[in-house]
Amino acid sequence: MRYRITAGTVMTLDPAGTIHRPGQVSWENGTIVSVGTAESDRRPVDQTIHVPAGVVMPGFYNGHNHAAMTLFRGLADDSPLFEWLQQHIWPREARLTADDIYAGTMLAAAEMIRSGTVGFADMYFEMDAVAQAVADSGLRGWLARGLIGTQDPDGEKLAESVEFARRWADQADGRIVPMLAPHAPYTCPPPYLAQVAEAARKHNLGIHIHLAESHQELADITRQYGRTPIELASDTGIFRNRTLIAHGVHILESDLPALAGLVGGVIACPVSNAKLASGILPYRLLRDAGVPIGLGTDGAASTNTLDMFQEMKAMAWLQKLRDGQPDGFRAVDALRAATRGTAAVLGFPGGELTTGSPADLIVVDGRQAHLMPEWDVTANLVYAGVGSDVVYTVVAGRILMAEGIIQSFDEQAIMRDVVSRVAHLTD
Ligand SMILES: [Zn+2]
């Protein structure tokens with residue numbers, strides 16, 4: 001099947017920032033075969049979608065998520081972190097079944113598809129259920145079980161992670177990429193991180209880890225080991241594999257040598273970092289050092305929504321506050337972080353609309369009061385856009401949402417299921 005979307009605006013986000021008005025994008029077998037002005041490709045197609053007031057752009061890659069935590073959205077918000085974890089989250093997580101986690105991940109998938117996300121990196125448990133949700137929803141998933149080194153003395157959970165990777169590698173038409181996920185340096189001591197690094201090397205897997213998230217972590221790790229979280233992680237060898245560093249808020253200038261050989265990059269989670277009062281990513285420091293920077297939401301239990309438009313706004317606002325000036329971090333920087341930035345961290349070729357790229361794209365309905373007039377489409381998307389403006393979501397060439405209706409699964413059934421499951425998690 002060959003498809004084409006013709007639209008009022010096609011924002012390619014290619015390196016030159018090309019915008020076609022009006023424009024078209026065609027794809028076949030999951031790959032973009034042409035991008036250009038409206039009449040640039042006249043070859044016949046099987047299906048054409050016309051969205052005269054639409055903006056076609058690359059879909060978002062959410063670089064850090066715990067998707068099933070949608071089940072805990074809004075639970076005991078505004079509590080201090082450890083009280084929230086110990087009294088509210090952990091006791092309920094202990095009761096979650098694989099079916100609960102499937103339902104929570106499908107709810108997250110509905111929210112992500114609705115708000116223009118085409119793929120996400122996830123760290124949780126019962127990952128077979130998460131992988132099944134990725135397979136069923138049509139999204140892409142970079143999936144890993146969160147490993148707590150202090151609770152894995154024999155490396156049994158690490159071995160199970162490697163097994164999970166074997167089971168799911170290249171499943172769901174190549175939309176699932178398994179990874180290893182040592183949770184953080186304060187839950188995974190250095191010898192355990194070294195073991196994970198070795199397993200990643202042996203089985204050719206990427207690593208997903210929370211690093212340099214809070215001031216407390218920086219202070220504790222530095223006191224305990226005489227090394228910063230980044231230096232400590234680098235010493236264990238994990239950066240010799242592709243590594244996705246979630247948060248990175250407290251990366252210091254003195255950490256740059258330890259990051260020099262990093263394959264992968266840092267995923268900013270500005271809403272989570274602001275809500276938990278963790279701090280602001282040193283974006284310029286990392287950008288100037290050539291470190292790829294992507295964007296993610298973190299779990300909905302701490303961030304509340306999986307809307308990447310909200311993350312783009314928050315990232316821009318916080319970077320401007322950090323810089324003390326409004327022109328250093330621009331709207332297009334936020335758009336690139338949410339698309340090509342995360343894809344680059346993951347080592348995936350998506351994030352721009354160019355011939356040969358994966359057909360992962362979205363259409364935003366521009367015919368709405370809050371998106372008019374259109375002096376600057378980039379500024380409108382980042383500073384005025386919201387997730388519910390998305391009307392089409394296409395992943396690997398498959399239309400997962402059309403005219404605002406999810407096509408790949410029954411969204412109403414998932415919502416009913418989640419409501420009945422949550423009833424069992426209230427005390
Ligand atoms: Zn997280």
Side-chain angles (χ1 to χ4, degrees), residues 60-77 79-82 84-86 88-90 92-93 96 101 104-105 108 111-112 117 119-127 130 141-149 161 179-188 193 196 206-218 221 229-230 233 238 243-251 264-281 293-308 310-311 314-315 337-338 342 345-346:
F60 303 116
Y61 299 97
N62 182 343
H64 180 60
N65 203 346
H66 313 282
M69 292 190 87
T70 50
L71 294 172
F72 303 127
R73 188 191 331 258
L75 174 67
D77 270 9
S79 309
L81 179 63
F82 280 94
W84 178 73
L85 284 173
Q86 287 167 354
H88 303 286
I89 299 295
W90 288 342
R92 289 185 173 86
E93 277 189 336
L96 290 181
I101 288 172
T105 308
E111 188 183 356
M112 287 191 275
T117 290
F120 65 110
D122 205 63
M123 182 197 298
Y124 212 51
F125 57 102
E126 297 287 3
M127 293 308 290
V130 177
W142 285 261
L143 308 181
R145 175 211 185 108
L147 294 164
I148 307 293
S161 284
M179 300 176 80
L180 298 178
H183 171 263
Y186 52 90
T187 50
C188 297
L193 288 177
V196 175
I207 289 177
H208 183 170
I209 183 170
H210 296 98
L211 264 185
E213 177 176 359
S214 68
H215 193 264
Q216 185 75 42
E217 173 195 341
L218 176 64
I221 294 291
I230 294 289
I238 66 170
T243 300
L244 184 168
I245 296 173
H247 301 294
V249 169
H250 293 279
I251 293 176
V266 175
I267 298 295
C269 303
V271 174
S272 171
N273 297 149
K275 188 151 172 259
L276 295 168
S278 301
I280 304 173
L281 181 84
I293 302 164
L295 193 58
T297 56
D298 213 344
S302 55
T303 311
N304 300 67
T305 94
L306 305 178
D307 181 351
M308 292 288 282
Q310 174 171 270
E311 294 298 331
M315 188 175 194
T342 301
V345 172
L346 291 164

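Remember, it's 1-based here, ligands and their atoms both numbered in the order they're listed. For the numbers below, each heavy atom of this structure counts, side chains included, while hydrogens, waters and symmetry mates do not.
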May I ask you to check whether Glu213 brings an N, O or S atom to under 2.8 Å from the Zn ion (ligand 1)?
-> no

Does a donor on one side chain and an acceptor on the other come within less than 3.5 Å for Asp298 and Thr303?
-> no

So, is His64 placed with an N/O/S atom under 2.8 Å from the Zn ion (ligand 1), counting both backbone and side chain?
-> yes

Note, Ile148 side chain near Phe125 side chain (heavy atom, < 4.5 Å) = no

Distance-only side-chain donor-acceptor flag, Glu93 / Tyr124, under 3.5 Å = yes

Report the angle formed at the Zn ion (ligand 1) by atom NE2 of His66 and atom NE2 of His210, rounding to the nearest 10°.
-> 100°

Please check if the side chain of Thr342 supplies one atom and the backbone of Leu295 the other of a donor-acceptor pair under 3.5 Å.
-> yes

Report the name of the N/O/S atom of Asp298 located nearest to the Zn ion (ligand 1).
-> OD1

